[in-house]
Amino acid sequence: MFIKFFFLLISYCYAAEKLSSYNVDPSETSVSGLSSGAFFATQIQVAFSASIKGAGIIAGGPYNCAGQTSYTGCMYTSSPSITQSISNTKSWSGNKIDDIKNLAKQKVYMISGTADSTVGPSVMNQLYKYYVTDGKFIPSENVVFKKDLNSAHTFPTDFDSAGNNGCGSTSSPYISNCGFDGARSILEHIYGPLKPRNNGALTGKFIEFNQEEFIASARTNGMSTTAWVYVPKSCSDGATCKLHIAYHGCLQGYEKISDKYVKNTGYNRWADTNNFIILYPQAVATNTINSAGGASIPNPNGCWDWVGWYGTDFSVKSGKQSTATKKMIDRITSGFNPIDAPTELQVLSTTDNQVTLGWRAVSSATGYNLYRNGVKANGGIITGTTFTNNNLNSGTSYTYTVKAVSSAGSESMASNSVTGKTTGVPPAISAPNGLTASDISSNSITLNWNSVSGVTTYNVYRDGNKLTSVSLTSYTDNNLVSATSYRYQVSSVKDSSESEKSNELQTTTLTENVCFNDNNYNHVAKHRAINSLGYALAVGSNQNMGLYNLFVKTNLCMTKENYYEIN
């Protein structure tokens, strides 16, 4: 009797917590996943499109694919038909799934490894067609499809973690340093520019919570009794935060690889500095066939249900695992405390190069941000209810909105929009287009743009301030701060007239001299070097590091994107 009581006491002491609610904006929820997690992320994205802002899909396939064919026809080098997937999406809209009109506002980042033979590029091509070309559910400009990454079936990062496999290897834990930050690419595409990540000790907490609260007979239905969530300190302290749900793949749940997917994918580093809560739901293996399910095979690898193991409604809102996800979203976002948007924004006056605006105060606001053509126009926070936007082009129209800022730093929804037109004659010169960044290092960024006919001089702007004038269509900005985001624009100059500024480009310098002290074999495996006739050569600099083996060690530093030097 005493022994039984003792073990009950231990179980009680180590019971998982109840999932808490936070000040999370429900409109700022996104999903991502690898492999079965990617298929499942697409299901959540489509089924609950009214609640999802965007998705990151790594080695996934078309929505409801396994609902029409054997799941193996949705994998490997297949090109599964998407005709029925598109038809089901349309016919289920507004009943089994949310209205598909919501998909048009979403952003999607897709990653397909060139060496992935588990869910090959041909499968992901069909997913792109489902989203964009054939299904026409999401505009092409909202979808990025990265298919030039030299990787196998794995989650790509740009840092080393204990126990991870090589980027070209399809093996546990299916997380690899591929010299590419998958987490950042996904989050930044969905949410816009991010603050530099935290590469040191995280400020927040990893919380194991009771997942069984959200699904009856959790293990019978392929979900663990507990799951994990990372909550940055800012979110615990009440800041308005965003929610990202990261679904692991098959053989990647906590019971298979411990906390590697929870801690080694890189999401938490970005979450810590950008007010993201990262939810890591957990799937488990079920080795018996569920007679109520749609699949006549067991699920021994702990995959998310994209096949129909736990019901034929697996891909719609009523699916057991789908319903559990929505309940978790609702719990986390139930603490949202929004701030009102400003009202009565109006143009007060204009000159040849200024527009002055005013708006009605929001009582709970500590300040305001003004947006011109969708880009923030002010530097520091505006403490009053008027603002003069300077250095504009004459005779040119600009569209403005304003957002209130809370004491926690969160923004309200946008106010009404107004258009202000400066007086005078508009510039007669075309603005440059095609502004891009290349050769990014820890302290420099090279800009390139297309030439404008008849123009021999260009002005370069950084963070709204003029840097220099150049006669070429490129410029290298030096002496920058590492791991820092910068905004650039370029204008054309002819005689004494200047064009409008180009579209804004935001890019971030690398972390200063990221170095790797490792053997040459691992340098090649991690794509920091190549094997050439038995010697390891550094990628980019092509420096000879010595013999390609496990015994020769080299301290190799990344000085700019895909460029390594011996240190």
Side-chain angles (χ1 to χ4, degrees), residues 31 33 35-52 55 57 60-75 80-82 84-100 119 127 130 210-227 245 247-253 255 279 281-331:
V31 294
S35 194
S36 75
F39 278 95
F40 195 75
T42 298
Q43 290 177 190
I44 296 299
Q45 169 199 12
V46 174
F48 299 104
S49 61
S51 303
I52 302 300
I57 309 298
Y63 173 70
N64 193 238
C65 184
Q68 302 124 45
T69 185
S70 166
Y71 75 97
T72 57
C74 305
M75 296 172 57
S81 171
I82 57 174
Q84 192 61 43
S85 294
I86 294 171
S87 175
N88 287 347
T89 304
K90 292 178 178 179
S91 65
W92 294 343
S93 175
N95 45 79
K96 291 185 177 182
I97 62 176
D98 286 349
D99 193 323
I100 59 174
V119 180
L127 175 60
Y130 167 82
N210 178 13
Q211 190 172 244
E212 201 166 22
E213 181 184 2
F214 303 98
I215 181 169
S217 304
R219 298 190 70 88
T220 300
N221 289 299
M223 291 181 70
S224 174
T225 55
T226 64
I245 307 170
Y247 292 104
H248 63 74
C250 303
L251 297 170
Q252 278 192 313
E255 294 186 5
L279 176 65
Q282 295 294 306
V284 293
T286 51
N287 290 306
T288 58
I289 298 173
N290 187 333
S291 59
S296 58
I297 52 173
N299 177 17
N301 295 324
C303 306
W304 287 100
D305 190 9
W306 64 282
V307 173
W309 285 297
Y310 313 111
T312 55
D313 59 350
F314 65 95
S315 61
V316 298
K317 291 194 290 186
S318 60
K320 293 181 176 64
Q321 294 184 353
S322 299
T323 300
T325 287
K326 186 59 166 61
K327 289 179 179 178
M328 290 184 222
I329 293 173
D330 292 344
R331 170 69 60 78

> CD1 of Ile44 to CZ of Phe39: how many Å apart, nearest 0.5 Å?
Replying inline: 14.5 Å
> Does Tyr310 offer a backbone N or O that forms a donor-acceptor pair with the side chain of Lys320 under 3.5 Å?
Replying inline: yes
>> Could you check whether any side-chain N or O of Asp305 sits under 3.5 Å from a backbone N or O of Gly308, counting only pairs where one atom can act as donor and the other as acceptor?
In response: yes
> Gln43 and Phe314: which non-hydrogen atoms are nearest, and at how many Å?
Replying inline: NE2-O, 3.2 Å
>> Can you confirm whether Ser322 sits close enough to Phe40 that some side-chain heavy atom of one is under 4.5 Å from a side-chain heavy atom of the other?
In response: yes
> Mind checking whether Thr226 and Asn210 have side chains closer than 4.5 Å, heavy atoms only?
Replying inline: no
> So, for Ala285 and Asn301, which heavy atoms are closest and what is the spacing to 0.1 Å?
Replying inline: CB-N, 4.3 Å
>> Looking at every non-hydrogen atom in both residues, tell me the closest pair between Ser51 and Lys326 and how far apart they are.
In response: OG-CE, 3.4 Å
>> To the nearest 0.5 Å, what is the distance between CD1 on Ile86 and OG on Ser81?
In response: 8.0 Å
>> Could you check whether any side-chain heavy atom of Ile100 comes within less than 4.5 Å of a side-chain heavy atom of Lys90, counting everything from C-beta outward?
In response: yes
> Just by modelled atom types, is the Ala218 backbone N or O under 3.5 Å from a matching donor or acceptor in the Gln211 side chain?
Replying inline: no
>> Pair Glu213, Lys327 - check salt bridge (Lys or Arg N to Asp or Glu O under 4.0 Å), show working.
In response: CA-CA 9 Å; Glu213 181 184 2; Lys327 289 179 179 178; over 6 Å; no
> Do you see a donor-acceptor pair shorter than 3.5 Å between the side chains of Tyr130 and Thr89?
Replying inline: yes
>> Using side-chain heavy atoms (C-beta onward) and a distance below 4.5 Å, is Gln68 in contact with Asn88?
In response: yes
> Considering all heavy atoms of both residues, which atom of Ala38 and which atom of Gly33 are nearest to each other, and what is their separation?
Replying inline: CB-O, 3.3 Å
> How many angstroms lie between atom CD1 of Ile329 and atom CG of Leu279, to the nearest 0.5 angstrom?
Replying inline: 8.0 Å
> Is there side-chain contact between Met223 and Val284, with heavy atoms separated by less than 4.5 Å?
Replying inline: no
>> For the CD1 atom of Ile215 and the OG1 atom of Thr325, what is their distance to the nearest 0.5 Å?
In response: 8.5 Å
> Donor-acceptor pair, Gln45 side chain versus Ala55 backbone, under 3.5 Å?
Replying inline: no
> Does any non-hydrogen side-chain atom of Trp309 lie less than 4.5 Å from one of Cys303?
Replying inline: yes
> What are the two closest heavy atoms between Val31 and Ala41, and how far apart are they?
Replying inline: CG2-O, 3.6 Å
>> Determine whether a donor-acceptor pair (N or O, by modelled atom type, separation under 3.5 Å) exists between the side chain of Thr42 and the backbone of Ile57.
In response: no
> Can the ring centres of Trp304 and Tyr247 be said to be less than 6.0 Å apart?
Replying inline: yes
>> The test is side-chain hydrogen bond (donor to acceptor under 3.5 Å, both in side chains); show your working for Asn64 and Ser315 and say whether it passes.
In response: CA-CA 6 Å; Asn64 193 238; Ser315 61; 2.8 Å; yes
>> To the closest 0.5 Å, what do you measure between CH2 (Trp306) and OH (Tyr71)?
In response: 8.0 Å
> Between the main-chain N or O of Tyr63 and the side-chain N or O of Ser85, is there a donor-acceptor pair closer than 3.5 Å?
Replying inline: yes
> Hey, what do you get for OG (Ser36) to CG (Asn299), rounding to the nearest 0.5 Å?
Replying inline: 8.0 Å
> Can you find a heavy atom in the side chain of His248 that is under 4.5 Å from one in the side chain of Gln282?
Replying inline: yes
> Can Arg219 and Thr286 be said to form a side chain to side chain contact (heavy atoms under 4.5 Å, CB included), step by step?
Replying inline: CA-CA 7 Å; Arg219 298 190 70 88; Thr286 51; over 6 Å; no
>> Quick check: closest heavy atoms across Asn287 and Pro298, and the distance to 0.1 Å?
In response: O-CB, 3.4 Å
>> Counting C-beta onward and ignoring hydrogens, is there a side-chain heavy-atom pair between Lys317 and Lys96 closer than 4.5 Å?
In response: no
